[in-house]
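Here the structure comes first, spelled out in structure tokens, and everything after it is commentary.
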Amino acid sequence: THTHTHTHTQSPPDLHNLTLLYEEVLYTILYRLGKPEPNHVADDSELYEYVQKAFQMSPEEHHVLMQRVKRLENPIFCLKATVKQAKGILGKDVSGFSDPYCLLGIEARSQEHCSDSSSSQEHKKRMKAVVKDLIPEDQIHRTQVINQTLSPVWDETFILVPSSPAVFTPLPCRDSDVVESVRHKLGELTDLHGLKRIFKDARKDKGQDDFLGNLVLRLQDLHCRDDQWYILEPRTETYPNRGQCHLQFLLTHKKRSTSLSKTQPSYTVHRHLLQQMVSYEILQHQAGSISWDGELSKHASTILYLHAAQKDLSDFHQVMAQWLAYSKLYQVIEFNSSCLLHQITSIEYQWVQERLKPEQKSELAESFESLLAYGVSLLQKYRIIFPLSRPQSTERLQSLLRVLVQMCKMKAFRELCSLTPDLQQMVTKALKVQCHRDVSANASQWGRHFSSLSGTRICNLLSCFCWGIEANLMPFFPRDGPLALTDFYQLFKEAIPKWLQKTYSIALERTQRAIQVDQLVPLGELNKHSTSTVDLSTCYAQIVKTWQQLDWPDPEEAFMIMVKLVEDMCKIALMYCRLIKTRAEELSSNQRDEGNAANRLCIVVNNIEQLRLLILRLPLQLDWERLERRMGDAIDPEQIQHTLHNQLQGTVSCLDHEIRDVVQTLAAKVIAQAWHFLLRICSSLGLRSITPLMKFLESELQYLNVHLVQENFNSLLGLLWKHTLHVLTTATKQQGCSSRYYQKLQFALKNLEHCFHAEGCGLSKDTLHTEAFTALEKELLLRCATSRELIQKYFSNRLQQQLTTSSEKYGAVTIKALYRASEQKLRIEILNAVNLIPLDSNGSSDPFVQLTLEPRHEFPEVVARVTQCKKNDLHPLFDETFEFLVPPEKCQQEGACLLLTVFDYDTLGANDLEGEAFFPLCNVPGVNRNDDEVDAVMVPQTRLPLTHPKPTGDLILKLLEFRKGDKEAQAFVKLRRQRAKQSKELE
């Protein structure tokens, strides 16, 4: 923040005004309209939480004000619709042209119509039925008739007031016959059931208007602001191509019931709201206010966007409100000037004095004069405000001077301010005030500079007065050249905005025309894109050449021109993406050949990739480095990054997203056809059933590799692999299938992996081996295994769980194990158990230990052994030894283990489970043949925590359970399920 006290202070809003402003923002959120924008906050609760913090409202205050707002009268919802123009409409007159006009109306729909679930045949019959006076005549708006044209331009705006809920229905374009009355025309309107409306075919009597096309939109599908071309729908398929209509929509409020809406202008309320939120955003900025660049959070942006739309604020008035708010805040809280410069640029290029009312002009002029006076007051104290001992002083001083210089160059400043100041003179005077003592003390040295002020350049004067800041001022007040013609380019400055707009309009028109004639076929064998990219590249090249020829001398003004050029080129790029995809859909809708549709999608994605490369080359072609060198320190590098590089990167990100969308569409088409081959694999008996699938993929991938550039082809491969894994995973989840079925899926997975890897020419191993692939591979391995292999795997898993278990919540058992290789005997000594859980009603237990060697099929002749039962003892001492006759190789099998089960003995019912522990036989001393003879005395004790099995969820048990014909599997599952029923583990 500024380190001095100044006269331009912003008094904080009093409690009453703050309360009224808070009611205004609550009312805005409560009655928000339109489908949320992608980068906005859709959850209203998040917005309420944000404004509560921004206005420092307690929960109690928020609740009281929220209830007050809810009691206010609802606003009247309005739809501001602008019919701009149409193109490509049918010629209905004998001259080959039409006399088109457009009708607009809103039809209210009942809830039952909106949820109509009847058959499509019934639906079509109702759509074609004729219903007179569908919409009252006084609720239908009509544009003017444009005579003898196929590309009419209306540019007419209408205010439509819907009832809630409603369906916005622009009535169709028609060809006007003058003798037809409006009431007779409305008689031809048909009913609307669902989301569409079809007009009854007009009689061909003399004077009857001809149907040209219609369009149906739902209010809930519109954003607060929408501006786009819509395809006109036909009534019949005789002439399906009915052209397009350009419409703009704005969802607004009428008669808002808040106090501020009734008493203050909309832009004033918007400015106060913006000022409150910006103050909060600056205080929340972590890096400090100086580095804050004016970028608001998505919560603040959402609220301001909704408020501006509901109040029907134009872009110009929004920018003006931003300038008034930001410029006032800048005099209280210092922050980065880039946002002020952006507003200066926007006002400069949109400036039309007639847009403003007298009081608005006065307010804007006052903001200019106030900021100028404030800046000069800081310069008068520059040694205090911008001490050279602080590293940020230079940057802050340049930021202030940059704002003042650009502001004084504005047309709005020159037209509204009564006296146009000489900024150089004001800066010089301000510096003189600070340096007066130095001048007085060194009159003989400084006198000659003041005596010859008229002939001395300002930069020389400043170098005498101000130590250390001359370099900061030089970029803003450059030295004069020797010739009077140095500033001749100023004669053309007024024409620059018009020239930029004309350049954009011509490039936009040429791009649209290029797309309309593009047949989406490759230019040649070596090129994989179509003609429209050549035309677009030419448009970009002409803009680049014009920039190079212009070579605007003023570096700061050149930067503003560059910003506008880059913005326009990015807008054209995004428009091209939308239109080229629409063109592909139009061409494909006239043909049923799926192969040609795929060809066009390949061309579309290659075209967008080519456009992406064009955008990435712009910094080099427009020579941004030279522009940055010319500007020197006049413009902060962070502003260049924020304004140019970020805008370019944002456009590239949008193009990447469009490419991914088209590639996903291509992948979906391929996987839809591959699905049938995968089903054949699942239903066929032989492993050769995969051959058709492999041939299909080889053919498709070879085709796509030819028609796609490499980067897009790799993206497509990745998506196909992801879809393929999803299909195989779905097929694997089918229960009750034979192991042969899963073996075929496993075989298919291995072959598909080799296919997509293509010996290193396709996807890399890292890309192929995703988490989904690893999980599928493991599951198929289990499903293909025999029942005995699954049982062994089950005990291997339990052994692994035993190793990772440290908790003794169910107690523990201590043993000693030894294997005598010479006798092939496994010797187990059960020492004791501790901390057992009480299972009897007396608070104790009667424990005993059961010993079994698992899995049973590996030790079929080894019977289970048990210890003695210890009555009423939770810490029993057993001290019993058991011997089992087993060969050493059995002990080294996968899953081979000693299962120790501690039971609580019950006389009448089944024994209760205290817990179980698993001990791997391969770890028993003496089992390894390389081990020397082990002394029984030296065998260590092993303490095993007791565990309980989880009641459900074990995949191996589920797989065994589905093998109904396998008695061994069913017996094993039954035993484990019995244990699970006694488990005290939660699911």
State the [atom1]-[atom2] distance between [X] and [Y], to the nearest 0.5 angstrom.
X    : Y    : atom1 : atom2 : answer
L960 : R977 : CG    : CZ    : 9.5 Å
R865 : T852 : CZ    : OG1   : 12.0 Å
N872 : D840 : CG    : CG    : 7.0 Å
L898 : I830 : CG    : CD1   : 6.5 Å
L728 : E779 : CG    : CD    : 11.5 Å
H529 : I580 : NE2   : CD1   : 12.0 Å

Exercise. Show your working on salt bridge (charged side-chain N to carboxylate O under 4.0 Å, His left out) between R856 and E854 and close with a plain yes or no.
Key: CA-CA 5 Å; R856 296 288 178 88; E854 301 289 352; 3.0 Å; yes
Practice problem: Check the pair E585 / R600 against salt bridge (charged side-chain N to carboxylate O under 4.0 Å, His left out), numbers first and verdict last. | Solution: CA-CA 9 Å; E585 294 173 359; R600 295 189 186 94; over 6 Å; no
Is there a donor-acceptor pair under 3.5 Å between the side chain of [X] and the backbone N or O of [Y]?
X    : Y    : result
Y819 : L921 : no
T867 : V849 : yes
D904 : D846 : yes
S983 : K950 : no

Self-check item: K765 bridged to E753 by N-O distance under 4.0 Å
Solution: yes
Exercise. State plainly whether the residues E858 and R788 are in salt-bridge range, i.e. N to O under 4.0 Å.
Key: no
Got a list of side-chain donor-acceptor pairs under 3.5 Å for residues 908-916, not counting sequence neighbours?
from, atom 1, to, atom 2, distance (Å)
N911, OD1, D906, N, 3.1
E914, OE1, I837, N, 3.2
E914, OE2, S845, OG, 2.8
E916, OE1, R976, NH2, 3.4
E916, OE1, R979, NH1, 2.8
E916, OE2, R798, NH1, 3.3
E916, OE2, R798, NH2, 3.2
E916, OE2, R976, NH2, 2.8

Practice problem: Go through E609 and R612 one step at a time and tell me if the salt bridge (charged side-chain N to carboxylate O under 4.0 Å, His left out) criterion holds. | Solution: CA-CA 5 Å; E609 177 65 26; R612 178 177 170 277; 3.4 Å; yes
Any chance [atom1] of [X] has more than 12 other-residue heavy atoms, nucleotides or ligands included, within less than 6.0 Å?
X    : atom1 : value
K35  : NZ    : no
K793 : NZ    : no
Q868 : CD    : no
K816 : NZ    : yes
H657 : NE2   : no

Quiz item: So which pairs with a foot in residues 765-802 pass ring pair (Phe, Tyr, Trp, His ring centres under 6.0 Å), sequence neighbours left out?
Solution: W721-F773, H769-F773, Y794-F972, F795-F972
Exercise. List the steps, then state whether side chain to side chain donor-acceptor pair (under 3.5 Å) holds for S45 with D43.
Key: CA-CA 5 Å; S45 62; D43 188 359; 2.8 Å; yes
Would you call [X] and [Y] a side-chain contact if the rule is heavy atoms closer than 4.5 Å?
X    : Y    : value
P522 : I603 : yes
L611 : N607 : no
L946 : L836 : yes
Q746 : C784 : yes
F756 : T724 : yes

Quiz prompt | Closest heavy-atom pair and its distance - V886, C891 | solution = CG2-SG, 3.8 Å
